[in-house]
Amino acid sequence: MTTSASAGSITPVFVRLKLSLLRNGLRQSAKRRAAYIASVTVTLLFAALQLLGLIALRGNEHAATVCVLLTGVLALGWAVMPLFFPSGDETLDPTRLVMLPLRPRPLVRALLVASLVGIGPLFTLCLAVGATIALAHGAAAAATGVLATALTLLICVALARAVAAANIRLLTSRKGRDLAVLSGLVIAVGAQAVNFGAQKLGSSGLSTLDPAAAVVRWVPPASALGAVDSVSEGAYATGAAQLALSAAALLALLALWQRSLTRLMTTPDSSTLAAAEPDKGTSRASGALLPAGRTGTVMERSLRYMWRDPKTKAAWVTSLAIGLIVPVFNALQGTGSVYFACFAAGMLGILMYNQFGQDTSAFWMVAMTISTTRDAYVELRGRALAILLVTLPYATLVTVLTTAMLGAWPALPDALGLSYALLGAMLATGAWSSARFPYSIPQEGHKNVAPGQAGLAWLSIFGGMVAGALLCAPVLALTIWLHASDATSWTWLVLPLGTAYGWVIAEAGLRLAAPRVAGRLPEILTAVSKG
């Protein structure tokens with residue numbers, strides 16, 4: 001392959017390369033083939049249902065609104081996918097091609113065509129075809145729809161490739177992979193936003209989306225489908241402008257993509273220069289704020305894991321986000337309860353589970369310092385205190401915020417008492433579960449459990465959660481009894497009693513888990529080192 005190769009000769013080569021990568025990947029294992037076939041089946045089924053649903057909208061007064069907004073959301077997904085899942089498709093990494101004697105312009109054309117091979121482009125094509133059928137009325141609109149379908153598909157693919165090429169140096173670096181931490185937050189927020197929006201649509205109808213659609217129909221690639229609707233209504237000049245806007249956006253994306261490829265092929269990789277800079281996230285001076293001795297050392301190590309380790313950070317971000325989103329969104333919908341704030345304590349308490357798994361094979365260094373039950377107890381206590389340093393004020397903040405949004409201030413003391421009791425119970429069961437059911441967390445990829453240990457992980461987390469809920473039964477029973485007997489003037493007692501109960505049960509859990517940790521160090525080390 002030489003620099004004189006034309007785009008016509010390069011393109012088939014890259015298409016065959018994409019197919020070969022796909023075929024060879026499926027040959028690696030039966031599980032991978034099964035997962036791929038299952039994903040293809042689900043995607044095709046969903047795409048077919050979506051296609052039929054859009055076709056059924058033909059003639060509906062809100063068809064344009066639905067089609068335009070769906071296209072806009074889909075384009076947004078194509079834009080953020082490379083940022084959150086940089087390793088999801090290895091062909092997104094153009095640095096693999098920098099040593100080949102290829103010019104950027106024919107390379108862009110070849111990669112664009114090769115990028116059309118996959119599940120994502122097929123799904124996008126089904127949406128564009130369904131939207132075109134729903135909106136096109138007349139020969140002129142049908143002809144416009146053909147162009148709009150092609151533009152929509154090409155813009156989505158070019159958008160993903162341009163974003164990936166512009167950020168690939170960052171995304172493939174160790175520090176840049178931390179961007180994937182945001183995926184849990186985006187998924188959590190997006191799920192609640194969709195739920196909230198669906199409830200609003202159910203009560204107000206699709207007409208509430210018309211103002212948003214009026215704006216999005218001028219944003220590529222949704223503007224291409226907006227052109228189909230405009231031509232169907234006889235607004236040919238408007239349709240031509242929207243179509244031209246989409247074409248201009250495609251050309252701009254291709255130019256940006258080509259510029260990024262040129263920079264990648266002609267400049268050295270400097271993405272790791274920042275690795276030599278001192279980490280400003282956690283200062284050594286912070287150690288002065290922690291207790292002296294082993295407890296402070298363990299706390300500082302755990303806090304550094306929270307900040308530096310991508311998997312640990314992802315778990316924290318997801319738990320913090322979901323713990324806030326669930327009570328707040330329910331309060332916004334008017335269907336919430338102040339006791340939903342206990343969800344924050346529960347989500348953050350889960351972080352106590354599998355404490356040794358996050359150390360992976362490095363746990364042997366910790367194991368070398370544990371020779372007695374006392375050593376194991378101090379190790380577990382330091383890890384629990386590091387979690388409490390964040391979770392205690394956060395659970396309090398979420399409870400107060402939820403109470404303020406609902407205006408249920410009389411219920412604040414017992415809600416706080418329940419949260420603290422639940423947090424203590426989760427710390428207790430988490431410590432015991434970490435000693436009894438440790439499992440490995442792979443450092444590479446997006447899996448959080450090593451192969452063969454999934455059952456162990458489910459037993460550890462969900463079994464512990466059930467046990468934690470049962471341990472909270474006395475405080476919960478007291479709260480229910482006070483409300484059922486109309487003794488609401490005494491519900492403030494739940495706060496001190498729940499706090500004391502949570503501390504006692506957490507201390508008991510740590511002391512029960514300590515001898516098991518000290519006696520099972522070889523087994524724990526073997527279990528957490530499998531990944």
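Residue numbers start at 1 and run along the sequence shown.
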Rounded to the nearest 0.5 Å, what's the gap from [atom1] on [X] to [atom2] on [Y]? Could you check?
| X | Y | atom1 | atom2 | value |
| --- | --- | --- | --- | --- |
| Leu406 | Ser337 | CG | OG | 7.0 Å |
| Thr124 | Ile119 | OG1 | CD1 | 11.5 Å |
| Leu70 | Thr65 | CG | OG1 | 10.5 Å |
| Asn60 | Leu135 | CG | CG | 10.5 Å |
| Leu159 | Leu250 | CG | CG | 10.5 Å |
| Leu44 | Leu51 | CG | CG | 11.5 Å |

What pair of heavy atoms forms the shortest contact from [X] to [Y], and how long is it?
| X | Y | answer |
| --- | --- | --- |
| Thr429 | Met426 | OG1-O, 3.3 Å |
| Thr312 | Tyr305 | CB-O, 3.5 Å |
| Val216 | Gly72 | CG1-CA, 4.3 Å |
| Ala165 | Trp257 | CB-CD1, 3.8 Å |
| Ala136 | Ser232 | CA-OG, 3.6 Å |
| Leu225 | Cys67 | CD1-O, 4.3 Å |

Can you confirm whether [X] sits close enough to [Y] that some side-chain heavy atom of one is under 4.5 Å from a side-chain heavy atom of the other?
| X | Y | value |
| --- | --- | --- |
| Leu127 | Thr71 | yes |
| Leu348 | Trp316 | yes |
| Ser246 | Gln242 | no |
| Trp218 | Val68 | no |
| Leu122 | Thr43 | no |
| Tyr236 | Val231 | yes |
| Pro327 | Val398 | yes |
| Leu153 | Pro121 | yes |

May I ask you to decide if the ring planes of Phe46 and Phe123 are parallel, tilted or perpendicular, using 30° and 60° as cut-offs?
parallel
